Amino acid sequence: MSETEKSEKTVFDVVEGLTEVDSELMKEFQAAMQNVVEETAETIEQRRLRAAQSRHIQLKC
Amino acid sequence: MRRYSDVGCSLQRSPFLLRSFLGGTYRVTREGVKRLYTWLPLNSSADLGQLAAHISIEYSATTVATKLANGISGAVKAVLIEHNYIDKDYRSTYYNFYAKKGQQYRPDCVRLHFFDETVSFDKNGLKLGWRGDRLDDHYFGYMVLRPTGIATIGRSVVSPDVRSGAKGGSPIITADHKVHLLGHTLSVQGFPSMDQHIDISVCAHAACWSILRHYSESQTAYAERLTHDITMMAQQFNPGGLVPSKGLEISNAERVFQAAGTFPYLVARKAPGSSDISFYRQLIAYVESGFPLFAAMHGLSHAVAVVGYEWDNPAAPPPPSLRYAWDEVKALVVVDDNYLPYQSIPAKSGAPYCAEDIDSFIVALPEKVFYPADAVDRLSPELFKLGGGLLDLPQASDSVVRYFITTASGLRRFMRKESSQFDPKLLEIVMQLPFAQFVWVVEIASRADWDKGQISARAILDATASLRDDMPFWLIHDRTTALVFNRRTIGNAIGGMRALKLNGMTGTALTRMAQNLRPTQPK
């Protein structure tokens, strides 16, 4: 991060009352999200293959 | 009254005379008497049959009248027939196709305008009269008729409120369309539609045209594309007059949307025989986002534009389970060139086809949507893991999940308008977070909240997040807590997170965000 970026205020600097989050709880959630990423990548690839097969379907009615 | 022979003699001195008699306003030319405006009151739908008495045969007025009688409601009490109308879309096909044919076609169209019972027409002064402030409030849109003999319904924008059988409250994607008529600038909210030409365009062309005309009318970023433009954009080469009638491949439709400046994304259902409910959840998510879809039914070789839906209203509550917005949909609303617009098709099983016959769809996205709906669909149920510790969420078995795309400015506009529902600090966060242009919104509602049009919690995701981003969030909040994510710290999503206790929101109703579509108000 550049010096300019470091000096810029963010919402975390200007909103009062923000507190840290229980990192153990969030680590569990993040682990679950990492599974989501892997499963989604597989689904996207399946859809990509089906889309490729669909591209030559003729629509004329 | 002057005899016709008197009128004929007058031609020697002045070839263009205006006379009003026999229910219309006429222009007298060397070719004969041409009527410009005809007012047709409708005491019943049967009166639509009189269109044929006022419109010459090449416009197939009898066929059009039958379609209108079966498809528009009794709220339409008069039709103003505008003859010799120059229609830009028809002209594009006329210059490039019809003018080159051996059979001679007219270059002009007829335009029908639909009004309610409060509007009158002074045929002598060519003046429309109405009750109330705005003529727009009594105007239901227009339909152009092409002089092509078959499939003559051309560019049309008709209000969904006058479609027969329209379901009150059904959300439909619409835009404001300006109409210039007799010195008035009218506005009608609707979705464009037309019959396919059968020769120079087929169903897929008509669906592409409808969607792109909606885009150009609703957003200045997109240029207007005429009917023949669509035919040309579909191919790498000029297809001439024979190839378009053979249809389009789905790849050609993608090409049309790409050439129009959008970023088309083709979503195909998984192989037949495998359950793919996620496909339909994404379909409804994009429609709820305000994106009309080019939907292809492979078995029928047919394409339509999906432009809305109807919510289901079951007599008994469904059994407890995690449900999605798609599970609450009874029917989709489509623009199908074989019917008048806003045809309702059931979600599951029905004639002539149902939503489950849709095998693939193209959503013409703007550039900055990188995070796919498949990821949002898979991620949404994981949000319940935040309940019980960090957030106060309903039980997954008692919840309905809904997700859609909106702009960050749209989100801010909604929260500003409904600011009484939110802790001012939450508003402050939303106004100051450095959102990208587009965000995915995931709303979780308990069954009780869903039935009241309310929600229990909302997650805002970065629509430009990478597929591999395991924490693509900007903000997640319920009524008591907000989790704010710092997307400037890459690789340390948890370290950059903060929480905020929210005040004053436990007693308020959190309204479902539904501002992209227009609820139907049947007349």
Side-chain angles (χ1 to χ4, degrees), chain A, chain B residues 202-204 207 245-254 266-271 278-279 296-298 300-303 338 359-360 372 374-375 377-379 382-383 385-386 389-390 425 428-429 432-434 467-472 483-484 486 488-489 493-501:
Chain A
M1 199 179 286
S2 68
E3 288 304 318
T4 307
E5 285 170 324
K6 284 180 193 169
S7 66
E8 286 176 357
K9 289 192 184 305
T10 69
V11 64
F12 297 91
D13 301 312
V14 300
V15 176
E16 292 178 359
L18 291 172
T19 58
E20 296 215 358
V21 176
D22 184 331
S23 59
E24 289 308 310
L25 279 174
M26 285 310 299
K27 277 178 184 162
E28 272 184 52
F29 178 66
Q30 189 172 25
M33 288 296 299
Q34 281 161 356
N35 286 338
V36 165
V37 167
E38 294 309 319
E39 290 175 20
T40 304
E42 274 182 44
T43 300
I44 296 280
E45 179 58 18
Q46 284 179 27
R47 287 216 195 279
R48 187 192 68 76
L49 290 170
R50 286 291 297 158
Q53 291 161 2
S54 300
R55 283 194 168 90
H56 297 294
I57 301 288
Q58 195 80 356
L59 305 168
K60 56 191 176 196
C61 290
Chain B
V202 295
C203 58
S245 66
K246 303 303 176 193
L248 286 186
E249 294 182 355
I250 291 176
S251 61
N252 295 128
E254 270 185 307
L266 172 60
V267 183
R269 207 168 53 164
K270 290 179 187 170
S278 164
F279 171 79
M297 289 169 273
H298 300 177
L300 298 174
S301 298
H302 189 43
N338 293 317
D359 298 289
S360 60
D374 265 306
D377 189 76
R378 180 60 192 86
L379 161 166
E382 301 302 322
L383 291 171
K385 290 188 165 68
L386 292 169
L390 288 161
K425 280 205 174 2
E428 191 182 348
I429 288 170
Q432 298 200 81
L433 274 170
L467 174 63
R468 292 278 168 188
D469 189 336
D470 57 13
M471 299 287 264
L483 301 176
V484 191
N486 186 352
R488 284 196 175 187
T489 56
I494 295 176
M497 272 180 67
R498 295 291 180 269
L500 177 73
K501 279 294 166 207

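These figures come from a predicted structure and were not determined experimentally. Lettering follows sequence order; numbering is per chain, from 1.
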* Asked: Can any side-chain N or O of A:R47 pair as donor or acceptor with the backbone N or O of B:V267 at less than 3.5 Å?
  -> no
* Separation of B:K385 NZ from A:F29 CZ (nearest 0.5 Å) -> 8.5 Å
* Asked: Taking it one step at a time, do A:Q30 and B:M471 satisfy side chain to side chain contact (heavy atoms under 4.5 Å, CB included)?
  -> CA-CA 7 Å; A:Q30 189 172 25; B:M471 299 287 264; 3.9 Å; yes
* Proximal component of B:N252, with respect to chain A [non-hydrogen, under 4.5 Å] -> neither
* Identify which part of A:E39 has an atom lying under 4.5 Å from any heavy atom of chain B, answering side chain, backbone, both or neither. => side chain
* Asked: Looking at B:K501, B:E428, B:M297, which one has more heavy-atom pairs under 4.5 Å with chain A than the rest?
  -> B:E428
* Residue A:Q58 versus chain B: region with a heavy atom under 4.5 Å -> both
* Would you mind reporting whether A:V14 and B:Q432 have side-chain heavy atoms less than 4.5 Å apart? => yes
* Asked: Do A:K60 and B:H302 come close enough that some side-chain heavy atom pair is under 4.5 Å?
  -> no
* To do: Kindly indicate whether the side chain of B:L467, heavy atoms from C-beta on, has any atom under 4.5 Å from the side chain of A:I44.
  => yes
* Picking from A:I57, A:T40, A:V11, which has the most non-hydrogen pairs under 4.5 angstrom with chain B? -> A:I57
* Give, for atom OG of A:S54 and atom CD of B:E249, the distance between the pair rounded to the nearest 0.5 Å. => 11.5 Å
* To do: Give, for atom OG1 of A:T10 and atom CZ of B:R488, the distance between the pair rounded to the nearest 0.5 Å.
  => 6.5 Å
* So, B:R468 and A:E38, do they make that salt bridge, N to O below 4.0 Å? -> yes
* Give a yes or no on whether the backbone of B:I250 and the side-chain of A:R55 come within a donor-acceptor separation of less than 3.5 Å. => no
* Identify which part of B:P472 has an atom lying under 4.5 Å from any heavy atom of chain A, answering side chain, backbone, both or neither. => side chain
* Structure fact -> With chain A, the option among B:R269, B:K270, B:K425 that has the most non-hydrogen atom pairs under 4.5 Å is B:K270
* Asked: For B:L300, is it the side chain, the backbone, both, or neither that has a heavy atom closer than 4.5 Å to a heavy atom of chain A?
  -> backbone
* **Side chain to side chain, A:E20 and B:R498, heavy atoms closer than 4.5 Å** => yes
* Please walk me through it: do B:L390 and A:M26 pass side chain to side chain contact (heavy atoms under 4.5 Å, CB included)? -> CA-CA 9 Å; B:L390 288 161; A:M26 285 310 299; 3.2 Å; yes
* **Under 4.5 Å from any heavy atom of chain B - which part of A:E16** => both
* So which of B:L386, B:N338, B:D359, B:L433 has the biggest tally of heavy-atom pairs under 4.5 Å with chain A? -> B:L386
* Structure fact -> For A:L59 and B:A303 the tightest heavy-atom approach is CD1-CB, 3.9 Å
* Asked: Top residue by heavy-atom pair count (under 4.5 Å) with chain B, among A:M33, A:R48, A:Q34, A:Q53?
  -> A:M33
* Structure fact -> Interatomic distance, CG@A:L18 vs CG@B:L483, rounded to 0.5 Å, equals 10.5 Å
* To do: Would you sort out whether A:T43 and B:R378 count as a side chain to side chain contact (heavy atoms under 4.5 Å, CB included), showing the intermediate values?
  => CA-CA 10 Å; A:T43 300; B:R378 180 60 192 86; over 6 Å; no
